4 protein chains.
Amino acid sequence: MSLHRSRFGSDTDDLMLRYCSSLAVDLQMLDQDIRGSMAHVRMLGEVAILTDAEVSALSGGLARVREEINEGTFRPGDEHEDIHMAIEARLTELLGELGGKLHTARSRNDQVATDVRLWLKAAIEQLDMAISEVIQALLDRVTREGKTLIPGYTHLQRGQPILLGHHLLAHAWALSRDRARLADAAGRIDSCPLGACAMAGTAFPIDRHRTAELLEFAAPIDNAMDAVAARDHEQEMASVCAISMTHLSRMAEELVIWSCSEFALVHIDDAYCTGSSIMPQKRNPDAAELVRGKTARVCGDLVTLLALVKAQPLAYNRDLQEDREALFDALGVTIDSHRIMAAMWRTLEIDTDRFENDLRGDFSLATELADHLASRGVPFREAHEIVGRIVKWCEQQGSDLSALTTDKATEFHPALADNLEGLLDPRAAAERRTSFGGTAWSEIERQAKTLRASLGDPPTDMPRSGA
Amino acid sequence: MSLHRSRFGSDTDDLMLRYCSSLAVDLQMLDQDIRGSMAHVRMLGEVAILTDAEVSALSGGLARVREEINEGTFRPGDEHEDIHMAIEARLTELLGELGGKLHTARSRNDQVATDVRLWLKAAIEQLDMAISEVIQALLDRVTREGKTLIPGYTHLQRGQPILLGHHLLAHAWALSRDRARLADAAGRIDSCPLGACAMAGTAFPIDRHRTAELLEFAAPIDNAMDAVAARDHEQEMASVCAISMTHLSRMAEELVIWSCSEFALVHIDDAYCTGSSIMPQKRNPDAAELVRGKTARVCGDLVTLLALVKAQPLAYNRDLQEDREALFDALGVTIDSHRIMAAMWRTLEIDTDRFENDLRGDFSLATELADHLASRGVPFREAHEIVGRIVKWCEQQGSDLSALTTDKATEFHPALADNLEGLLDPRAAAERRTSFGGTAWSEIERQAKTLRASLGDPPTDMPRSGA
Amino acid sequence: MSLHRSRFGSDTDDLMLRYCSSLAVDLQMLDQDIRGSMAHVRMLGEVAILTDAEVSALSGGLARVREEINEGTFRPGDEHEDIHMAIEARLTELLGELGGKLHTARSRNDQVATDVRLWLKAAIEQLDMAISEVIQALLDRVTREGKTLIPGYTHLQRGQPILLGHHLLAHAWALSRDRARLADAAGRIDSCPLGACAMAGTAFPIDRHRTAELLEFAAPIDNAMDAVAARDHEQEMASVCAISMTHLSRMAEELVIWSCSEFALVHIDDAYCTGSSIMPQKRNPDAAELVRGKTARVCGDLVTLLALVKAQPLAYNRDLQEDREALFDALGVTIDSHRIMAAMWRTLEIDTDRFENDLRGDFSLATELADHLASRGVPFREAHEIVGRIVKWCEQQGSDLSALTTDKATEFHPALADNLEGLLDPRAAAERRTSFGGTAWSEIERQAKTLRASLGDPPTDMPRSGA
Amino acid sequence: MSLHRSRFGSDTDDLMLRYCSSLAVDLQMLDQDIRGSMAHVRMLGEVAILTDAEVSALSGGLARVREEINEGTFRPGDEHEDIHMAIEARLTELLGELGGKLHTARSRNDQVATDVRLWLKAAIEQLDMAISEVIQALLDRVTREGKTLIPGYTHLQRGQPILLGHHLLAHAWALSRDRARLADAAGRIDSCPLGACAMAGTAFPIDRHRTAELLEFAAPIDNAMDAVAARDHEQEMASVCAISMTHLSRMAEELVIWSCSEFALVHIDDAYCTGSSIMPQKRNPDAAELVRGKTARVCGDLVTLLALVKAQPLAYNRDLQEDREALFDALGVTIDSHRIMAAMWRTLEIDTDRFENDLRGDFSLATELADHLASRGVPFREAHEIVGRIVKWCEQQGSDLSALTTDKATEFHPALADNLEGLLDPRAAAERRTSFGGTAWSEIERQAKTLRASLGDPPTDMPRSGA
């Protein structure tokens, strides 16, 4: 029976118990809840609201309940409504009426808010490590296969020849911003609601700075009503996750495309593929596809958290109980997805020769011709048009730019005779792009160094090579 | 070990197993999966691909696996990847190599698609019953307290006096459209994918019409690739759920508002309220709040299903595995929410006297005056302005329309002298609105009759009194 | 100045005007609004609330205002708040106080609700035509290039050889369900709110069946409160659009992939590509990409409409004004996207030879071997494993199934000697799949016939070849 | 005609022009685009790619085009595809072939990315000011009416008496976190993409640090591919907006509730209300309702931006063009909504006496009794149950806690006799809660001081009173 319904005439039925119960989700916060209660009890002792003996008995009792739940000898069920009630009920069985003193100067509102923040702090640490793992794996591939020549795609059409390292670092930079976002969100989560009580604070002479300190929060939250009503930190966390998942989904899409027969640039390790129940030859890039799919799910979680809070008056409303399932799911899925992605990158086989010859004479070198003309004083737009005509002519020959002899080139523009072979060498084309952030190997090395250094740091700020 | 990875060199690690596993969700489809397999086996026998003995052995084996899972003696774990593989693995343990024949002329793609549709057909039936329960509960309250006088609100401001029955029926009509939408969606789900195999059909001489018939589908799906790739029926179901939840959320919001101290129109039964851990007097409308909160969740589920399928090439991709958790959640939550809402309406106490006197002289009667003037030939806009001035004058007296004597009214417009008392009687005002669909009791009775009749019908079409 | 603020002391400032104005969106409903007012006026005349002369003057006035707006001689501005107020203001300028009679027995609530439904009815017709155009274009390609041999992909990996027609029809069936969904939604939109007034109906002796008839609605809406508060038909329409857009996005993704250099199966017409500002060779599949991108936008529109209505108490609240921008955007974008897609399909070049030789000996024929073994009594799972070993062996030879001689095949299983060449013929493999819905040409023809017939019909029900 | 389609055979049709055009949205970026081009030209001059004369001519030309567009003498149309092409086309008309040199070492990809970031930087400044305005307005009300006694609600049920200032500051703290989030996002936007070109950088010896400096960016973006492909900063901005809108929506909901007849705590100024077209007495809180409604819209915008980028391979794809409409809408709506909200708070009338007497003896004082018992050594749970029985008894008397005499109280527990009158004084109850963050006036003053100080600061970090 629910503990705080003494004036209620009838009891709720089974459907209602199930409908209202958050127990399955809350069990994930067991440690946080016990830890929060222990800090609360210790503080109550320090300000003399509880005696030392009471503190000692309550702390011991809490430790025992945690042990019983972990060992499965005490099983909270839907009749307990939530984890907090379950713990208190068991504590009262163990300690008698003393159990009832645990809730002095505290309500479930501030207790739950504290538990969730403690849970998030731990999850954030894991997520940061998981993102860093992917960055590390990318950096390692840059070191090993970064000079691989590939087409740089826009619109999935070949644009210009680039080095694979350039492409991989684009992903690494995106992830490093995810780390920065995560660190910023972490700062806003690092405040302690405990002691806010229902919403108005309390007349008991509690010390909220002390509980904040015991729970390793930077500070107590300034306003008791805000402490129990705010959910923007949860929305922000889900949003950090959703954004990071879209980054992963872009890589995942590329792994799916690059590993198909027609592209055949990479070979995903068997560990991250599965076969088909009917087609024996299949090596399906399941993990990469699931990363894409789970991106949709985390977007759904974020929508839940936004729509949930919209137009709720202050302070606490029961709607808010629905926050945790979406929030924990978003974090859990995002952490796992990064780990899977890191593992895929670490074990990926890359066919470094795939495009080496394929790009010789490829139309993706057309920009070289145009840029060359522009560097000889032809206005870029005119250069662009001249090269457009060259491309058309080559297509009409059923060929690519290989069809272009020096003589023929001269017909289109004399300046093309200068260094035609050099212009049509894809590797030279890539290495020529030495502008800051260009695809030249020197630029790749510079970036890799910056990123590698940032992995050691706490992610307090966005890494940047800067001015 | 996964059954169909014979050519794979290494095995997937634990994270990968967890990441890819859909087992927890799939267990909800155990019955559907066994049923689908039994129909498939029976058909294979009928077209002589299996012998009668094989059919009998496989059917018996399938029944036994189902029993073992239900009794907990066989527990599928993450090592099985999904429920289908788990069943087949156990079947092969029981029957030897014969178990391997189950998968003839079938792939997991069509099998899963079939299971989900069977699951949905059962869920749709339950949801239709649950929605009908709410409509029934509303109709019962219309019968009992439908003549209760309340303010009709727009913008949460009192607009015009209405009868409670008018308001309750507005909700009932909305729900009756949810039933119609559900029936339409059901029609599109009622096609059988089984036998589509991976995406191309099969060279085995199977009879897909027969399996469709055995599984009580209206017909087999016409195109094998469509059969395994389509998810629009799932998106549609989630959308039906999300729309219906927004209907429930509007009622829930009203129950929260109507039950607060300031409105005090209704009293939600204790069974659907909970108390506070800190404030002993609280009777919190938790169930109603959770209905609102879970509406956000179902919207999130729908977003997941839309974003999931966006830009996926045909046919099956593993991303699609993520569909079930969102889909089943949407259905489960929506069914439960309707049941809770029906129960709340059935047990609600309504204070039928709350507004009876409160509305006498209330400004919500202002339209009566304007309409009266318009009926005497004053252009409505002018009438509207005259009454606006009356309202302002009454406010200046610190009163409501009660301050208006016949003499004073005459000053504003002579025609107001006619029947001032009658115009300011709120119940008369409500009863005067006898236009089709108006708040007069006769109109409420007409609608209730139509709706009551529709509850008996299969929801093939939207109920409508019509022309 | 706003027309109905006579008792208000101060006027709203510019920001407020802009914030509240829906004029830009409402201008799209000009025709519907005038048409609704004309029907209302005519009915008021028929029930003798207006005289014939008044009816005639008001109708003439309304026609003139429409003309003035269309010709730009009268320009509604933000000072008019919405289109309805703008029209009435101009009407009153033209007709004097008679203009004020237009609003007898009507409020903006039912007026707007009517306008939106009229707008939707017209949009639905256009959308149905646009979807049908895409289906028609697909059917035409089936006729012309339907026998083209291509790999059937799952997970973007080659699965089994299929005919292009099979693939195109999978899309066509999906779109035919969109038409059915649209028709169902249309049925629920086909009810007239006019005469519901603010929410309670009216005491004026109006004839709502008559206005419904004049505006070609099936019937008036049964409940006046429901008539002004309901938005589920809008959510449903947005959901129909979002689902249909995900269908288009899947095609669009395929067109992007199929047209890249590596796949080179299709060539999108220049009219639907654009070039690059920097890379002269580029032919970017912009239209296809935009279809994908606009899918995200329509999903956003749907989220807006769901979150908008969540937890709003009845009846009308001003939040609801935000419905139109999202709704009209969803419809407009979806209609245009279908038209663009139809045009792309109509003008697409398909390289019918691209895969003809490429698939000979391809691993996507592995299922042929497994099925063959199964048909000779080898349990399918065992057959699956044998062929898995064959694939592995071929890979070790650096080859595909072409490496498999009859002798070598016999080593794996004697039954493979039977008809090895036939088994490895990709076209024969496709044609062998004659099961209902399989990729064989006969099945493609059957489906095309059903679909072609359905294009002539009103989309009252989902086309289906059925039992 | 599009400028860069020289090798294209046919021209796109009207639908295609409309479908692909982003001109309407892009016109908002006119200034940013010109400014970016001017910086680019100046840098090209400094590195001697252009001569001084060319720099001067191009800069002059750009200034003239801006002027022509602003004055309406040059009107970009859909035939220009986007603003960048329109400007270049006009520039070339003005300057001849020199205009074609503008695009040297630049592509539209990096140009657009730069424009959007410049636009965002300006918008962020405005949004920060708008949020600050609301905080300021709240702080002013705290100063003026902060001591007003009101019920603190949870679940919309009266919980405990609080001071209005406590409630208002809860909102102010939430908004101050929005400012911190905005500042963090701003930091990630403050990097310059210009010079990244299509995705690979350039062989021209450009100086990206210089253009970054000229455009007042902190630094150039490190990787050229990342520079054109990244959209996480846009998703983050939309998410900051969506979260801030949910904060506003909670205030808006309260304003709607507090201003209804039944609550009657506040009176929204006429400037932010509108009347009814039919009910002359109505004062509808339209602005507050629209804030709620527009919250849904901004959530939709965010969904668009997330779903848009999901699973897009690098680098630029045309889908991304759809980002701006959602992004600009989110920012614009959020800025306006804050301004409207600030104006509503500034002009709100608050009835400071509304609850002063109403709360005397109110059940919301029940916690006082329980806390008092707990302070006398009664375990809190037991105290909670005793007071639950008292509440029940009072309800049975048809009264509230006023029914409790000292004698009667003693029956429930002797310790209640101590100071019954003091316990039941609502203002004393509020003032007693002096714990950090409690509702006592001293705590309100402390917080207001911290918040007031933060308004002067740049929002580099979350304000916090701290340890």
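Proteins come first, then strands; the chains are lettered A, B, ... in the order of their sequence lines, and each starts at number 1. Since this is a predicted model, take the numbers as computed values, not measurements.
- Nearest heavy atom pair, residue D:Lys310 against residue B:Ala307, reads NZ-O, 2.7 Å.
- Only the side chain of B:Asp286 comes within contact range of chain D, judged by heavy atoms closer than 4.5 Å.
- Here D:Gly159 is the residue among D:Ala311, D:Ala264, D:Gly159, D:Ser259 with the most heavy-atom pairs under 4.5 Å with chain B.
- To the nearest 0.5 angstrom, D:Cys260 atom SG is 3.5 Å from B:Phe263 atom CZ.
- Considering only heavy atoms from C-beta on, D:Tyr153 comes within 4.5 Å of B:Glu262 through its side chain.
- In this structure, CD1 on D:Ile257 lies 5.0 Å from CD1 on B:Ile257, to the nearest 0.5 angstrom.
- For D:Leu308, the part sitting under 4.5 Å from any heavy atom of chain B is the backbone (N, CA, C, O) and nothing else.
- Taking each heavy atom of D:Val256 and B:His155 in turn, the nearest pair found is CG1-O, 4.2 Å.
- Proximity of B:Gln157 to D:Pro285: side-chain heavy atoms (C-beta onward) are separated by under 4.5 Å at one or more points.
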